[in-house]
There are 4 protein chains.
Amino acid sequence: MSPKPDVSEERTEQIIEAALKVFAEHGVEKARMEDIGAEAGLSKATLYLYFKTKDVLIGVIMRRLFASMLHGFRVPDTGEGAVKEQLRQFAARLVAELRRMQPLLPLLYEFYAMGLRKSAAREVLGEFVAEFIAILAPVIGQGVASGELRAVDAEKVAIALGAMLEGTLLLWAFAPERVDLEAQMLYGTELLLSAL
Amino acid sequence: MSPKPDVSEERTEQIIEAALKVFAEHGVEKARMEDIGAEAGLSKATLYLYFKTKDVLIGVIMRRLFASMLHGFRVPDTGEGAVKEQLRQFAARLVAELRRMQPLLPLLYEFYAMGLRKSAAREVLGEFVAEFIAILAPVIGQGVASGELRAVDAEKVAIALGAMLEGTLLLWAFAPERVDLEAQMLYGTELLLSAL
Amino acid sequence: MSPKPDVSEERTEQIIEAALKVFAEHGVEKARMEDIGAEAGLSKATLYLYFKTKDVLIGVIMRRLFASMLHGFRVPDTGEGAVKEQLRQFAARLVAELRRMQPLLPLLYEFYAMGLRKSAAREVLGEFVAEFIAILAPVIGQGVASGELRAVDAEKVAIALGAMLEGTLLLWAFAPERVDLEAQMLYGTELLLSAL
Amino acid sequence: MSPKPDVSEERTEQIIEAALKVFAEHGVEKARMEDIGAEAGLSKATLYLYFKTKDVLIGVIMRRLFASMLHGFRVPDTGEGAVKEQLRQFAARLVAELRRMQPLLPLLYEFYAMGLRKSAAREVLGEFVAEFIAILAPVIGQGVASGELRAVDAEKVAIALGAMLEGTLLLWAFAPERVDLEAQMLYGTELLLSAL
DNA sequence: CATGAATGAGCCTTCATTCAT
DNA sequence: TATGAATGAAGGCTCATTCAT
């Protein structure tokens, strides 16, 4: 209807992507709105047409990042395959996802750090963890119910698995020469599975 | 030799402690040299007599933090007790250590994030991981050698255990209402032990 | 002549009224063109079709305000009534006018302040003062001529009366709990009249 | 005691004077902190060591200005001279004071305008008016008590006189070619006095 | 040794104004 | 005529760092 096409969604996306890139590269605090604008091919002032403050932009990026991670983890149509097989596939998917996200790792940990200071950020992270558990626990619970697994505490096992995977990522991030991300994640997963 | 007692070490310590506190409270980037000085009961300018720049101070604090953590983890005189028992004790010590460090958690994650950007920081973290492995792997290796454990890859298991513990800390930090740090760490440890 | 009705005058009026309102509410400097547009139900850019710059718009508003004030003051068909009575009526009309303009008072004083800096604004104010005198002096002169009043300097008296009324407004504006605008203006007028 | 003399009071004064000048010249809103710094021979950042924000600085300047005006007005040792004579002297002092303050007039009116918007500023102005009345009313009251003057309402007369003087200033400011400040103030004062 | 004092370099945010459609 | 979109130019405020005393 309008004489001009509405570019606002496009711009928003454009800015988010630019911000994601700049944040990942320079860190959230060091990233200047000007840089983000430049990366997006827009002027600094234009950013403020789409995001009221830098903090708002940070929040959006953060939510995006975790949502995208969760999306990658989600178990697709939990068929009837053996539970252990499903968990293996989950780990494999995670590995793939993390490989994709590797350049965003520093940003991820910045958000982790932020989550421990700003309640707004913590909320997002809390939901992330809850989602994570909500994905794994039922699968394990199913295995217990069907007798495929020992009578373990499904939620605790889910957390242990998630923790091990998350922790492996961390150790690998700091000592890639000591830790082979993929092999280690799969090995750790097998280890845990053998205990079920 | 000097007619006046050398207060330099004392001052250095004083500043480090103040900085640790201020960093933990406000975050590394938000912490102002002025705040640190105030906390130490010194003037902002005086800090520069002991630390050339804020970055240097950050580095020292970081090293301190990880050294202190490692110190807490180190297995004391690995007696000949069963390996599994030693690992249980390790986990227990870690839990205790983490409880002590709880107020420093945000700072810890800030350093993690930093480690992914600044090579100087990464080095410290890499050593930390290496140390971590160096503490656990031999114990596990011993267990394998003595036949107490299955013929597992000692290093990989050490990493898996460390990862799980580290990851549990993270999940707990963001969802303390879903994760009971102590119970979960011990549970996860048992789970892994039962796989060995 | 144009096939479409010329809305230009209507729009201009619409904008002026919106600007007057926004200026009065937020102050001239704080008022944003965007706000004025919003108040007028127009887009910010549209304002520029009718006023080249914000300064031009300010100038127009300023002229409007003073013209409207003068209009309210003007002595209607100075009958032959006693001069003192006419001056009383003038004061009464002024009081009424000021009551109507009360919400615009901050704006009025902003224009006063502006008048002392920008020559364009000063001009408007100079004319305002001249007009003010031009209204009162002849009436007083008449009274002197007719012998109703002492042989005073009509212009000086006019200025004194105007000044007193204007000054009363100021004092009342800042200390309404100490000054009753209407009573004080009438009292002051009587005081002056009793000196004529 | 300190190895260095405390320059803080000197600096504060230095900055206030610079700010007064820059505010008077460019207007409060247009004045940039940088300009004030330059005028004071200091860097912009240094200003913030002595004044937390620009608003605080504005407030201090405003208070200064009115305090200084009041100081100039204050009746010195109200001798027993005839009341009318005292009021004449008051007017004369005011004229002198205003001549001294002439360059600050635009600033004065800016503060008047501000007083109608910001409660903090209004407070200062309210006190100013109250002080003004508190200076004049007692003198007039004395005259009434002693029988020198008619039985007038001392406070109302004080306000009327103050208003006339204040108003004269305004009219003169905008039409100096029509109004002779000194002559007009004294004329207006005489007019009022002749009514008492 | 200590520090009061000062500042250069930055960064976020705002807004009057422009222009393609 | 109307406007959505964009921006250049500012300006307030902060802070790590320096240095004379």
Side-chain angles (χ1 to χ4, degrees), chain A residues 2-8 10-11 29-37 40-55 57, chain B residues 2 4-8 10-11 29-37 40-57, chain C residues 2 4-8 10-11 29-37 41-57, chain D residues 2-8 10-11 29-37 40-57:
Chain A
S2 164
K4 278 176 279 185
D6 185 359
V7 298
S8 92
E10 180 190 337
R11 283 285 171 284
E29 309 243 17
K30 285 284 170 56
R32 294 164 26 196
M33 290 302 269
E34 182 128 29
D35 297 333
I36 298 173
L42 294 169
S43 105
K44 175 171 54 164
T46 303
L47 303 186
Y48 287 88
L49 294 180
Y50 299 91
F51 298 92
K52 203 159 175 41
T53 68
K54 187 183 178 185
D55 274 349
L57 181 53
Chain B
S2 163
K4 295 181 201 169
D6 186 0
V7 297
S8 128
E10 182 189 334
R11 284 279 176 281
E29 307 246 16
K30 285 282 171 56
R32 295 157 45 210
M33 292 301 269
E34 180 124 33
D35 298 332
I36 297 172
L42 293 170
S43 108
K44 175 169 54 165
T46 302
L47 304 185
Y48 288 87
L49 295 179
Y50 299 91
F51 299 92
K52 197 154 181 47
T53 69
K54 187 183 179 186
D55 275 347
V56 169
L57 180 53
Chain C
S2 162
K4 293 180 203 169
D6 186 0
V7 296
S8 128
E10 181 188 335
R11 282 281 174 283
E29 306 247 17
K30 285 283 171 56
R32 295 158 44 209
M33 292 301 269
E34 179 124 32
D35 298 333
I36 297 172
L42 294 170
S43 109
K44 174 169 54 165
T46 303
L47 303 185
Y48 286 87
L49 294 181
Y50 298 91
F51 299 92
K52 198 151 180 49
T53 69
K54 188 184 179 186
D55 275 348
V56 169
L57 180 53
Chain D
S2 164
K4 276 175 282 185
D6 186 358
V7 298
S8 92
E10 180 191 336
R11 282 285 171 283
E29 308 244 16
K30 285 285 169 54
R32 294 161 27 196
M33 290 302 269
E34 183 129 30
D35 297 334
I36 297 173
L42 294 170
S43 104
K44 174 170 56 163
T46 303
L47 303 186
Y48 286 90
L49 293 182
Y50 299 91
F51 298 93
K52 205 162 175 39
T53 68
K54 186 183 179 185
D55 275 348
V56 169
L57 181 53

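The figures that follow rest on heavy atoms only: side chains count, while hydrogens, waters and symmetry mates do not. Chain A is the first sequence line, chain B the second, and so forth, proteins listed ahead of strands; every chain is numbered from 1.
- Residue contacts for C:F51: at a heavy-atom cut-off of 4.0 Å it reaches no nucleic acid atom on any strand shown.
- From D:L57, atom CG reaches atom OH of D:Y50 across 13.5 Å, with rounding to the nearest 0.5 Å.
- Residue-to-nucleotide contacts include a donor-acceptor pair under 3.5 Å from the side chain of B:K44 to the base of F:dT17.
- Nucleotide E:dT17 holds its C1' atom 14 Å from the CZ atom of C:R32, rounded to whole Å.
- For the pair C:Y48 OH and F:dT3 C1', the interatomic distance rounds to 14 Å; values are reported in whole Å.
- For the pair A:Y50 OH and E:dT13 C1', the interatomic distance rounds to 17 Å; values are reported in whole Å.
- Following rounding to the nearest Å, D:R11 (CZ) and E:dG4 (P) show an atom-to-atom distance of 15 Å.
- Side-chain atoms of A:L42 lie closest to F:dT7 of the nucleotides F:dC13, E:dC12, F:dT7.
- With rounding to whole Å, A:E34 atom CD is found 12 Å from E:dG10 atom P.
- Base contact: D:L49 has a heavy atom under 4.0 Å from a base atom.
- A side-chain donor-acceptor contact under 3.5 Å links C:K54 to the backbone of C:A31.
- Going from atom NZ of A:K52 over to atom C1' of E:dC15 covers 13 Å, rounded to whole Å.
- Counting all heavy atoms, side chain and backbone alike, B:F51 lies closest to B:V56 at CD2-CG1, 4.2 Å.
- Looking at which nucleotide of DNA chain F each of B:A31 and A:S43 is closest to, the 5′-most match is held by A:S43.
- We find that NZ of B:K30 is positioned 9 Å from P of F:dC15, with the value rounded to whole Å.
- Checking each of C:E34, C:R32, C:M33 against C:I36 for a side chain to side chain contact (heavy atoms under 4.5 Å, CB included) leaves exactly one that passes, namely C:M33.
- The 5' end of DNA chain E is approached more closely, in terms of each residue's nearest nucleotide, by B:T46 than by the other of D:G41 and B:T46.
- The residue among C:E29 and C:A45 whose nearest nucleotide of DNA chain E is located toward the 5' end is C:E29.
- Taking all atoms of both residues into account, the shortest heavy-atom contact from C:K30 to C:D35 is O-OD2, 4.5 Å.
- To the nearest 0.5 angstrom, C:L49 atom CG is 8.0 Å from C:S43 atom OG.
- When base pairs are accepted only as Watson-Crick or G-U wobble with both N-N or N-O distances under 3.5 Å, DNA chain F takes part in stems of 3 or more pairs at E:2-21 with F:2-21.
- For B:K54 and C:L47, each mapped to the nucleotide of DNA chain F holding its nearest heavy atom, the one lying further toward the 5' end belongs to C:L47.
- Between the CG atom of A:D55 and the C1' atom of E:dT13 there is a distance of 12 Å, given to the nearest Å.
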